[in-house]
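Numbers here are sequence positions counted from 1. Keep in mind that this is a model prediction, so the values were computed, not measured.
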Amino acid sequence: MKWTGLLLAAAAFLCCGTVKANVTMPDFFSGNMVLQRDAKVNLWGWADDGEEITVSFKGQTGRTTAKDGRWMVTLDPMKADSKGDTLTVKGKNLLTFPNVVVGDIWICSGQSNMEWTLARAENGPQEQKKADHPAIRLFDGRLYRASMKPQENIPGKTWSVCAPNTVGSFSAVGYFFGRELNQKLNIPIGLISVNWGGTRIEPWTSTYGFSTQPSLKSTYNTLLANVPGTPQSAAAYRKAIADMEKWVEEAKKAEKAGEALPDLPQMPAGLRYVNQQQPVVLFNTMIHPLLNLAFKGAIWYQGCANVGDGALYKDKMKALVASWRKEFNKPDMPFYFVQLAPYNYGNPHRLPVIWEAQQAFADEDPNAAMAVINDIGNFRDIHPRNKHDVGARLALLALKHTYGQKELVADSPFFENLKIENGKAIVTFRNAKELKTRDGKSAKYFEIAGLDCVYHPADVELKNNQAILSSPKVSVPYMVRYAWNHNVTTNLVNENNLPAGAFRASVPIPVRTALDRLAPEAKNMEVAYAINAKQICEGGLPAYRQDNSKSLAGKKIRSIGYFMHLIAKNGSETYVFATVDPFTQEIAKLALPTAAGKIFFQQIVKNLYVKSNVPGLTSGKFEDGNIEFWSGNYTQKNTAKVPGASDQVFDFGDTGTSLNDGYGSFQLHNYRLKQTVFAMNNFRSRTPDVGIGTSPKGHPDYTFTKSAANYASATLLILVETE
């Protein structure tokens with residue numbers, strides 16, 4: 001018998017040896033638990049095949065027969081009842097679970113701010129002393145264990161009644177949320193705390209979730225290696241088994257020779273366990289064991305570990321929630337989550353981009369909402385201690401949107417629209433009848449900008465649900481942002497003292513004025529992207545002045561164009577307009593290169609046309625040119641063998657060394673004339689490299705020049721002509 005056969009036989013023997021004649025259940029089923037009201041309630045476990053199982057509770061009796069070692073009984077819906085009764089499960093043995101109540105169960109999940117215990121929260125010891133709530137039940141399912149294999153149990157974890165001696169080590173946010181619901185609804189509340197500090201969102205997401213978002217499909221395809229029955233798993237399993245068999249043979253020889261054993265083989269991608277941060281592994285250990293459970297909804301507080309994801313975090317939240325709704329077979333599952341607390345993450349605009357992604361997710365999901373907390377954070381402490389208001393705001397959302405108390409003001413004010421009148425920006429907020437400030441002072445942290453994209457603090461007049469903004473430094477505003485900084489504590493609230501969420505917005509910015517004046521031959525080209533080349537990225541992501549990619553997606557591209565327009569600090573104007581034949585038919589691939597977009601072009605482009613007023617840059621039509629578009633770093637090496645390029649300086653023949661987000665290059669060259677047409681590099685710097693024609697100083701393609709500092713205005717338009 002092969003080694004694998006021996007292994008499987010041994011495993012089967014061990015399993016048979018541990019199966020008991022007695023009926024058993026996951027540890028989740030215990031005394032003091034809550035069963036979900038107004039829903040069919042599943043109870044399940046393990047028993048010998050053919051064993052008769054009888055479940056009794058509150059006058060109901062359900063029966064079934066175990067098959068394949070498993071059994072499940074479903075009780076009919078029950079009304080909320082705070083009177084504790086005994087649940088019995090009878091097979092060859094009798095299980096009894098005393099003091100079981102019927103109410104609403106909520107899953108409380110995320111990372112350290114959800115895990116943060118009541119004892120360590122603001123006023124925690126005082127709150128703990130008065131936490132005598134027999135109708136609130138606590139299940140602390142924190143299991144600091146991850147697995148590539150879905151688990152059936154959260155071992156060693158049982159329910160407890162909320163009391164001063166049990167609640168101190170429980171989630172503070174979960175407790176305050178549950179207490180509000182219990183007091184307002186007068187029903188039992190069950191809280192299931194499953195969280196792990198410092199973890200990313202990916203490990204809490206099932207494999208299915210990654211399939212729902214195009215941006216995450218590569219992760220999904222890798223995970224298919226661990227989904228039995230897929231072609232990917234068949235190949236991965238064969239390789240893993242073959243590698244292990246080879247290792248066993250080598251290990252036997254080493255043992256016989258008195259040598260050290262060889263290193264264990266590395267499992268194929270998708271099967272390989274590295275740590276608790278990889279996709280699926282915490283879903284498997286702390287969510288999968290609950291999948292047959294009837295419950296009301298979920299609350300979530302996570303994102304610190306994903307703060308670098310920027311806008312991509314929206315897709316990851318969509319994946320998480322889609323996976324839970326599918327796996328629990330609860331397509332309308334309520335999901336209330338917490339805005340990341342203000343904290344100094346370095347770049348002050350890094351966190352606002354995540355806030356924007358969180359709000360965008362909430363706006364798109366009819367059964368989700370976000371509790372804004374930018375007024376109660378501590379940007380010097382990633383774990384702000386005020387957990388009471390966090391839990392209370394989550395409870396407000398649930399009371400309004402899940403429990404139908406529509407009269408409640410539960411949602412924070414958030415941007416609805418922007419209009420410009422008489423040199424003022426008028427912002428209208430939803431979720432507010434009357435805006436005010438918590439401290440009675442002027443509303444803080446509104447900023448406006450004109451065409452130069454330079455933001456200035458705004459004078460603010462509040463009127464009903466509008467903020468009227470102006471600044472003596474901005475004659476005609478085009479852009480507005482609020483609380484767009486991780487180092488601020490806001491004071492703008494609605495009539496229920498809920499804080500306004502951070503946002504940025506703009507009215508259509510005229511970007512074609514110079515183009516139409518200087519290059520009328522571009523009249524048939526449309527703007528796909530408009531980039532402020534003085535500040536290319538914000539929060540690590542492209543900060544487009546215009547992004548029309550969605551409206552252009554799917555159209556056939558006939559020609560691709562670029563228009564760079566620079567105004568020096570002395571007012572002098574330089575420009576270049578260039579076109580090439582299409583090198584892609586994907587509008588999204590014409591964007592500023594990012595690692596997430598997987599944009600990398602280093603190639604010849606046909607039919608180059610150049611028009612410019614820059615001395616030394618030759619205008620006209622040319623057979624071809626070449627582009628160097630990538631998001632990462634690069635070297636001077638001319639590995640692409642571009643004719644005439646140097647290996648010693650950065651020019652028109654460099655080598656991109658990474659697909660990650662690094663220095664970044666967006667360059668068009670006329671390599672036959674050894675000329676740079678335009679260049680825009682160092683995307684994430686406050687002083688990028690930007691220039692038209694070959695740089696007169698330093699490297700020919702402007703690398704390391706920080707030349708954007710020389711201009712009052714710098715704009716790059718990416719254009720397309722479509723059929």
Side-chain angles (χ1 to χ4, degrees), residues 108 110-128 168-177 180 193 195-201 299-309 313 336-359 370-397 412-414 437-447 481-494 496-503 539:
C108 314
Q111 59 181 99
S112 55
N113 272 305
M114 181 65 81
E115 183 182 26
W116 201 261
T117 63
L118 179 61
R120 300 172 67 195
E122 183 178 87
N123 299 320
Q126 296 90 330
E127 293 285 0
Q128 187 176 344
S169 61
F170 196 77
S171 162
V173 170
Y175 165 71
F176 287 124
F177 169 79
E180 288 291 316
S193 179
N195 33 69
W196 189 340
T199 53
R200 296 175 61 82
I201 194 172
I299 59 174
W300 174 261
Y301 193 169
Q302 190 274 341
C304 301
N306 289 87
V307 74
D309 288 343
Y313 189 68
Y336 303 115
F337 65 97
V338 185
Q339 177 196 47
L340 280 189
Y343 179 70
N344 189 346
Y345 288 98
N347 184 325
H349 301 145
R350 192 181 190 199
L351 184 55
V353 175
I354 282 280
W355 289 339
E356 187 175 59
Q358 289 182 303
Q359 185 63 52
M370 179 172 74
V372 175
I373 61 165
N374 56 15
D375 62 328
I376 55 173
N378 180 345
F379 49 80
R380 295 181 180 86
D381 188 350
I382 203 169
H383 301 118
R385 301 303 197 266
N386 181 351
K387 303 302 186 190
H388 172 271
D389 286 343
V390 179
R393 290 174 189 180
L394 288 168
L396 264 179
L397 293 171
S412 279
F414 196 71
T437 57
R438 186 187 303 278
D439 54 11
K441 299 179 181 179
S442 297
K444 299 184 290 186
Y445 308 122
F446 278 101
E447 298 172 284
R481 64 189 185 190
Y482 170 69
W484 206 255
N485 189 311
H486 62 214
N487 285 333
V488 301
T489 301
T490 64
N491 66 345
L492 182 66
V493 296
N494 64 10
N496 198 25
N497 290 316
L498 294 172
F503 72 89

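To the nearest 0.5 Å, atom CG of residue N123 and atom NZ of residue K387 are 13.5 Å apart. With values rounded to the nearest 0.5 angstrom, S193 atom OG is found 4.5 Å from F170 atom CZ.
No donor-acceptor contact under 3.5 angstrom links the side chains of Q358 and Q339, judged on distance only. Counted by atom type alone, Y313 and Q302 present one or more donor-acceptor pairs between their side chains at under 3.5 Å.
Screening residues 370-384 for side-chain hydrogen bond (donor to acceptor under 3.5 Å, both in side chains) gives S112-H383, N374-T490, D375-R393, D375-R438, D381-R385 as the qualifying pairs, with residues at least two apart or on separate chains.
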| task | Just do the side-chain contact (heavy atoms from CB on, under 4.5 Å) check on F503 and F414 with the steps written out, would you? | result | CA-CA 8 Å; F503 72 89; F414 196 71; 4.0 Å; yes

| message | Applying side-chain contact (heavy atoms from CB on, under 4.5 Å) to H486 and N344, what does each step give before you reach the verdict? | response | CA-CA 6 Å; H486 62 214; N344 189 346; 3.1 Å; yes

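Here the shortest heavy-atom pairing between A502 and A483 reads CB-O, 3.6 Å.
The shortest distance between side-chain heavy atoms of N113 and E115 does not fall below 4.5 Å. Under the 4.5 Å side-chain criterion, counting only non-hydrogen atoms from C-beta, R350 is in contact with V307. Side-chain contact between D389 and I373 is absent, with no heavy atoms from C-beta onward closer than 4.5 Å. Residues L498 and V493 form no side-chain contact, since every pair of their non-hydrogen atoms from C-beta on lies 4.5 Å or further apart.
Looking only at distances, no side-chain donor or acceptor of S412 sits under 3.5 Å from a matching main-chain atom of G501.
A centroid separation of less than 6.0 Å is found between the aromatic rings of H388 and F176. Remark: aromatic rings of Y482 and F446 are close, center separation under 6.0 Å.
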